[in-house]
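Okay, so here's the structure we're looking at.
All heavy atoms count here, side chains included; hydrogens, waters and symmetry mates do not. Keep in mind the model is a prediction, meaning the values are calculated, not measured.
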Amino acid sequence: MTDDLLARHRAVLPSWVSPLYGDEAIELVAGSGRRVTDSTGKSYLDFFGGVLTTMLGHDIPEIREAVERQLATGLAHTSTLYLIRQQVELAEKIAALSGIPDARVFFSTSGTEANEAALLFATNHRRSNQILAVRNSYHGRSFGAMAITGHRSWSASGLSPLQVSWLHSGDRLRGRLAGLSDADHIDAAVEDLREVLATTTAGDVAALIAEPIQGVGGFVHAPDGMFGALKKELDNHGILFIADEVQTGWGRTGDHFWGYQAHDVQPDLITFAKGIGNGFALAGVVGRADLVNAVPATSFSTFGGNPISTAAGNAVLDYVRDHNLQQHAKNVGTILLDGLRAGTADTDTVAEIRGRGLMLAIEFVRPGTTEPDPALAARILDECRRGGLLVGKGGLHGNVLRMGPPLTLTEDEAREGLSILVDAIHRA
């Protein structure tokens with residue numbers, strides 16, 4: 001049945017929308033908590049959460065009940081031509097949590113659209129189409145978002161509505177900043193920013209957009225404090241800072257509610273998506289009122305902030321805060337991080353284990369080198385699936401396994417998944 005569905009998928013969907021994450025495609029037909037079941041009846045512990053989207057897990061009663069209450073009204077959609085109570089309530093919560101004074105919130109349906117909106121706000125406010133972006137980044141699949149994606153595998157077009165200049169990423173294994181201490185890395189990054197501004201821009205740059213931890217890039221992240229240091233230089237030129245929190249928001253990193261908070265910085269605009277809807281299409285931008293209001297014409301998002309998705313969003317955010325999931329992510333993430341380091345200490349194919357909270361990655365290389373080994377990563381992903389564990393893959397070279405389990409992952413489930421993963425690494 002799955003093979004037939006795969007053939008039908010290939011017959012009617014684009015070739016670049018591939019359901020093959022590993023050596024075979026699977027159809028997930030049921031889920032509960034942190035576990036999902038495929039069409040053959042096989043159960044898996046879900047360590048990837050629909051690419052960090054089912055942030056609370058599957059079939060969470062509080063989320064289901066909130067959505068069912070809204071459905072019971074008979075209103076699934078009204079558009080922003082009318083007041084939407086759930087939308088206003090969620091916007092109030094997000095504005096308060098953003099740390100931005102007098103903040104405004106615009107809702108959309110995806111992280112791509114959220115980043116597009118942030119670019120619209122910044123370029124209108126600064127009257128410039130010049131953007132600073134970071135190498136190895138990913139910000140979406142639309143025309144503008146691809147232009148600021150520093151990852152060739154995900155850049156489907158060399159055409160661009162923006163003039164983009166590139167800064168170095170936080171990669172500690174390769175590149176010009178590899179092997180530096182945190183302090184030296186930050187100093188070099190600031191000097192790089194100054195050089196880029198002086199040489200590859202026309203001087204009136206609109207904004208820097210950056211992920212506090214690069215998602216598709218393999219959970220690479222810069223030393224704490226780096227974006228704060230960059231922001232001081234940006235402020236000297238009036239350049240805005242956009243924090244792409246699509247994957248790092250809502251307490252996932254454990255240490256902080258937002259990823260940017262590790263950097264002693266306050267963004268001008270914050271984009272969010274994925275986990276806030278727990279599978280319902282919900283995303284947006286929160287930012288300073290003067291920036292969000294910089295759009296010179298009437299605009300809206302047809303489905304952004306609709307009653308169903310914002311009912312889910314309110315329930316998700318309340319659940320995260322009521323159950324202190326940020327601290328829980330830190331505690332359970334520490335079990336995974338420590339266990340992975342101990343379990344692979346005798347392995348010469350693991351170059352780096354990195355991440356924070358429940359956002360963890362393992363980078364695989366050829367033995368004793370820093371040469372990426374994407375084939376090994378693919379084999380281990382398949383071994384994990386055969387053992388009943390779903391993980392993700394990414395990184396600039398496709399050699400990184402990514403884990404973004406639901407924030408409700410229990411300590412016992414963490415140890416169970418850890419055992420499967422470490423066994424898979426040794427078998428591969």
Side-chain angles (χ1 to χ4, degrees), residues 130-139 146-155 158 160 162-203 205 207-237 239 241-244 247-248 259-260 262-265 349-356 359 361-366 368-374 377 394-400 402:
Q130 295 187 89
I131 297 292
L132 299 171
V134 181
R135 296 169 186 175
N136 196 45
S137 60
Y138 175 79
H139 297 287
M146 275 191 297
I148 53 170
T149 288
H151 196 301
R152 185 175 180 180
S153 298
W154 293 87
S155 297
S160 173
L162 303 167
Q163 181 177 323
V164 183
S165 295
W166 298 96
L167 304 182
H168 288 289
S169 75
D171 194 341
R172 312 298 184 93
L173 294 177
R174 305 174 190 88
R176 289 178 57 191
L177 307 188
L180 298 179
S181 68
D182 286 359
D184 288 345
H185 188 117
I186 291 171
D187 288 345
V190 172
E191 188 56 38
D192 176 53
L193 170 61
R194 291 180 180 135
E195 182 178 348
V196 166
L197 290 174
T199 59
T200 67
T201 77
V205 174
L208 163 64
I209 184 166
E211 304 158 277
I213 300 177
Q214 294 182 324
V216 169
F219 295 173
V220 166
H221 60 90
D224 288 358
M226 193 189 81
F227 289 113
L230 294 181
K231 184 67 161 63
K232 292 176 183 177
E233 185 64 27
L234 297 176
D235 287 345
N236 292 335
H237 303 271
I239 300 170
F241 175 48
I242 304 169
D244 179 341
Q247 295 198 29
T248 48
Y260 77 78
H263 292 274
D264 190 27
V265 67
T349 57
V350 174
E352 190 173 43
I353 296 171
R354 55 180 177 258
R356 312 183 85 128
M359 192 172 185
I362 312 172
E363 179 150 349
F364 294 96
V365 293
R366 301 194 183 280
T369 73
T370 60
E371 183 182 350
D373 194 340
L396 184 61
H397 308 285
N399 65 320
V400 179
R402 297 193 290 155

Considering all heavy atoms of both residues, which atom of [X] and which atom of [Y] are nearest to each other, and what is their separation?
| X | Y | result |
| --- | --- | --- |
| H151 | G395 | NE2-O, 3.2 Å |
| T200 | S165 | OG1-OG, 3.0 Å |
| V350 | F364 | CG2-CE2, 3.8 Å |
| H185 | D171 | CE1-O, 4.3 Å |
| A361 | G218 | CB-O, 3.5 Å |
| V365 | A351 | CG1-CB, 3.6 Å |

Salt-bridge present (R172, D182; N to O < 4.0 Å): yes
Pairing residues for S181 by the side chain to side chain contact (heavy atoms under 4.5 Å, CB included) criterion, not counting sequence neighbours: A183, D184
So how far is it from [X] [atom1] to [Y] [atom2], rounded to the nearest 0.5 Å?
| X | Y | atom1 | atom2 | result |
| --- | --- | --- | --- | --- |
| H397 | L173 | NE2 | CG | 9.0 Å |
| T370 | E352 | OG1 | CD | 11.0 Å |
| T349 | E371 | OG1 | CD | 13.0 Å |
| F219 | M359 | CZ | CE | 4.5 Å |
| I242 | I209 | CD1 | CD1 | 4.5 Å |
| Q214 | R135 | CD | CZ | 11.5 Å |

side-chain contact (heavy atoms from CB on, under 4.5 Å) between V400 and V220, worked out: CA-CA 10 Å; V400 179; V220 166; over 6 Å; no
With S169, the side chain to side chain contact (heavy atoms under 4.5 Å, CB included) member among L396, N136, L177: N136
Crowding at CH2, W154 (>12 non-hydrogen neighbours, <6.0 Å): no
How about [X] and [Y]: do any of their side-chain heavy atoms sit closer than 4.5 Å?
| X | Y | value |
| --- | --- | --- |
| V190 | L230 | yes |
| S153 | Y138 | no |
| L208 | V134 | yes |
| R194 | E191 | yes |
| D224 | R356 | yes |
| L132 | L193 | yes |
| H139 | E211 | yes |
| R402 | Q247 | yes |

Set of residues satisfying ring pair (Phe, Tyr, Trp, His ring centres under 6.0 Å) with respect to F241, sequence neighbours excluded: F227
